[in-house]
Amino acid sequence: MSPVTHFFTGWALGSVVGSSKRERAMVTLAAVVPDVDGLGIIPELLTRHARHPLLWFSQYHHDLRTLLFAVMVFFFAFFLTGCRWIPAIFAFINFHLHLVEDLLGSRGPDGFPWPIPYLFPFSSRWTWSWSGQWALNAWPNLALTVALISVALWIAVERGFSPVELFSTTADQAVVRTLRKRFERTQPSAP
Ligand SMILES: [Zn+2]
């Protein structure tokens, strides 16, 4: 699925289990991070006319969807949150939610199902793909994304923070204020 869907999936869990902005960020980003190898597209595009182009995207994209990388993410989240287990465990879970989402609906335009090499580089066993997988731009992905954004809006009204806090606290407070004004039912005034 697209990084946007992964991000809001991550936030749905991260915003509930994280007790600080940093914890929410760690748990949320764990749902996006299996795709960071997609950044290999930049050197590949930049060098595509070079004598020795860097084929980092074509060769390595989707090779981070492994148990090894999930364990690294776990320890990363653990240490960056001051050795807290809860964010580390939920970062590990969010990482796997990304894999499930990719399994469900990430078929590319060429029909390639992007199998998940879970035990890479140690073994080629447990390489997952699902024959019913729908396309990256299919309606279930859009519906899921819209639902997850609605959840984020609801959490913003209820708990007082939105994913915008990961970029700017001031902007986040403005967003929450606006949402609360728009959605929160006003208290019925006493007669
Ligand atoms: Zn992915």
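Counting starts at 1 for both ligands and their atoms, following the listed order.
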> What is the name of the N/O/S atom in Asp35 that sits closest to the Zn ion (ligand 1)?
Replying inline: OD1
>> Restricting to non-hydrogen atoms, name the atom on Trp11 and the atom on Ala152 that form the minimum distance, rounded to 0.1 Å.
In response: CD1-CB, 3.8 Å
> Do we see a donor-acceptor contact under 3.5 Å between the side chains of Ser2 and Thr5?
Replying inline: yes
> Looking at Val151 and Ala12, what are the two nearest heavy atoms and their distance?
Replying inline: CG1-CB, 4.4 Å
> Can you tell me if His98 has an N, O or S atom under 2.8 Å away from the Zn ion (ligand 1)?
Replying inline: yes
>> As a test of reading the structure, name the N/O/S atom of Asp102 that is nearest the Zn ion (ligand 1).
In response: OD2
>> Which heavy atom of Gly111 sits nearest to which heavy atom of Arg107, and what is that distance?
In response: O-NH1, 2.9 Å
